[in-house]
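So the structure is just underneath, and the comments pick up after that.
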Amino acid sequence: MRIRRELEAAAREQFVMKGGKPRNTYPHYMTLGACYWLKSWYPNSDVLEIPWDHFAEESVSFTYGDLFPTMRYRDDRPYRQQMYTKTGIVELIERYGFPQDWNRDGDKGPERYIEAQIWDEEVIGRYLY
């Protein structure tokens, strides 16, 4: 947990430096687009879709892959150790595509999906039952 909290603090700091205005100390985690690999972990799983436009630019950040390996894995891929805004992740997707499409089996690296870090309860709260 100590390492996770350190990574979350570093992610929050990088997000703020890119214009983010997180209201939470720690984010809620989601994926950008469905990830059937994650969905396969649970027998009765489902996909929750929240419209892109419901999230303000300053309330959500992204990593190209799960936060943990993205921030810790060392190689020459330019998206390592990087947080992205909505604008930035769109540019990255245009260049590389979705990892859940090109790396379904995980044989091309640790990135299996794009992770969204939701730093504000407002949008999430609309979807609680």
Side-chain angles (χ1 to χ4, degrees):
M1 279 308 289
R2 179 185 57 77
I3 293 170
R4 173 159 294 282
R5 292 301 185 216
E6 288 171 4
L7 290 173
E8 288 172 331
R12 189 178 198 279
E13 182 178 324
Q14 196 178 127
F15 182 47
V16 168
M17 289 178 11
K18 293 183 177 189
K21 295 180 179 152
R23 292 185 179 178
N24 298 351
T25 304
Y26 304 108
H28 292 282
Y29 294 98
M30 301 183 87
T31 64
L32 180 57
C35 176
Y36 294 99
W37 174 64
L38 289 177
K39 196 172 181 286
S40 75
W41 293 4
Y42 305 97
N44 297 313
S45 63
D46 206 348
V47 174
L48 169 66
E49 294 182 14
I50 300 175
W52 175 261
D53 292 338
H54 286 199
F55 293 101
E57 178 93 14
E58 66 273 1
S59 72
V60 60
S61 62
F62 302 90
T63 48
Y64 198 79
D66 183 270
L67 176 71
F68 218 87
T70 295
M71 295 308 218
R72 298 183 80 205
Y73 198 84
R74 305 285 182 202
D75 62 16
D76 62 349
R77 295 183 183 178
Y79 44 78
R80 299 281 190 245
Q81 290 86 49
Q82 298 295 317
M83 298 293 301
Y84 294 91
T85 61
K86 284 175 72 173
T87 302
I89 200 66
V90 168
E91 293 168 3
L92 202 66
I93 293 166
E94 288 172 356
R95 183 170 181 187
Y96 296 103
F98 282 87
Q100 54 264 54
D101 293 336
W102 61 261
N103 195 24
R104 286 188 177 145
D105 298 326
D107 58 343
K108 296 175 183 76
E111 55 279 88
R112 300 286 296 268
Y113 50 86
I114 295 172
E115 184 177 89
Q117 298 88 30
I118 314 302
W119 297 95
D120 186 339
E121 303 290 327
E122 194 270 326
V123 173
I124 299 281
R126 293 184 216 159
Y127 292 88
L128 295 176
Y129 22 158

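Here the structure is a predicted model, which is why all the values come from computation and not from measurement.
Among all heavy-atom pairs drawn from Met83 and Ala11, the shortest one is SD-CB, 3.5 Å. The shortest non-hydrogen separation linking Phe68 to Ile3 is CZ-CG2, 3.4 Å. Of all heavy-atom pairs spanning Pro78 and Tyr84, the tightest one is O-OH, 3.9 Å. Residues Cys35 and Arg112 come closest through the heavy atom pair SG-O, 4.0 Å. Asn103 and Lys108 get closest at one heavy-atom pair: OD1-N, 2.9 Å. The heavy-atom pair separating Leu67 from Arg4 by the smallest distance is CD2-NH1, 4.3 Å.
Cluster annotation: Leu48 is connected to Val123 through the hydrophobic network of ILVMFWY side chains, with a link wherever side-chain heavy atoms come within less than 4.5 Å. Using a 4.5 Å cut-off between side-chain heavy atoms of Ile, Leu, Val, Met, Phe, Trp and Tyr, with links allowed through other members, Ile89 and Ile50 fall into the same hydrophobic cluster. Connection of Tyr113 to Trp102 is not established within any shared hydrophobic cluster, with ILVMFWY side chains joined at heavy-atom distances below 4.5 Å, either directly or through further cluster members. Under the 4.5 Å side-chain heavy-atom criterion for Ile, Leu, Val, Met, Phe, Trp and Tyr, Val60 and Leu92 are members of the same hydrophobic cluster. Put simply, Tyr36 and Phe98 are part of two different groups of oily side chains (I, L, V, M, F, W, Y) that touch within less than 4.5 Å, one to the next.
Taking a cutoff of 4.0 Å between a charged side-chain nitrogen and a carboxylate oxygen, Glu6 and Arg2 qualify as a salt bridge. The existence of a salt bridge linking Glu111 and Arg80 is confirmed by a sub-4.0 Å separation between a basic side-chain nitrogen and an acidic carboxylate oxygen.
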Would you please test Trp52 and Lys86 for side-chain contact (heavy atoms from CB on, under 4.5 Å) and show each step? CA-CA 9 Å; Trp52 175 261; Lys86 284 175 72 173; 3.3 Å; yes

Evaluate Ile93 against Phe62 for side-chain contact (heavy atoms from CB on, under 4.5 Å), listing each step before the verdict. CA-CA 11 Å; Ile93 293 166; Phe62 302 90; over 6 Å; no

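Distance check: Thr85 OG1 to Glu57 CD gives 4.5 Å after rounding to the nearest 0.5 Å. Note: Glu115 CD to Ser61 OG = 8.5 Å, rounded to the nearest 0.5 Å. In this structure, CH2 on Trp119 lies 14.0 Å from CZ on Phe55, to the nearest 0.5 angstrom. Here the straight-line distance linking atom CE of Met30 with atom CD1 of Ile114 works out to 14.0 Å at 0.5 Å rounding. Thr63 contributes atom OG1, which lies 11.0 Å from atom CD of Gln82 (distance to the nearest 0.5 angstrom). Tyr64 OH to Thr70 OG1: the interatomic distance, rounded to the nearest 0.5 Å, is 10.0 Å.
Counting non-hydrogen atoms of neighbouring residues, nucleotides and ligands closer than 6.0 angstrom, the CG atom of Asp107 exceeds 12 such neighbours. Within a 6.0 Å sphere centred on CZ of Arg126, other residues, nucleotides and ligands contribute more than 12 heavy atoms. Heavy atoms of other residues, nucleotides or ligands lying less than 6.0 angstrom from NZ of Lys21 number 12 at most.
Stacking of Arg5 on the aromatic ring of Tyr26 is recorded, both the 6.0 Å distance cut-off and the 45° axial limit being met.
The shortest side-chain heavy-atom distance between Glu8 and Tyr29 falls under the 4.5 Å cut-off. Proximity of Pro110 to Asp66: side-chain heavy atoms (C-beta onward) are nowhere separated by under 4.5 Å.
A donor-acceptor distance shorter than 3.5 angstrom exists from the side chain of Gln100 to the backbone of Leu32, with no hydrogens or angles considered.
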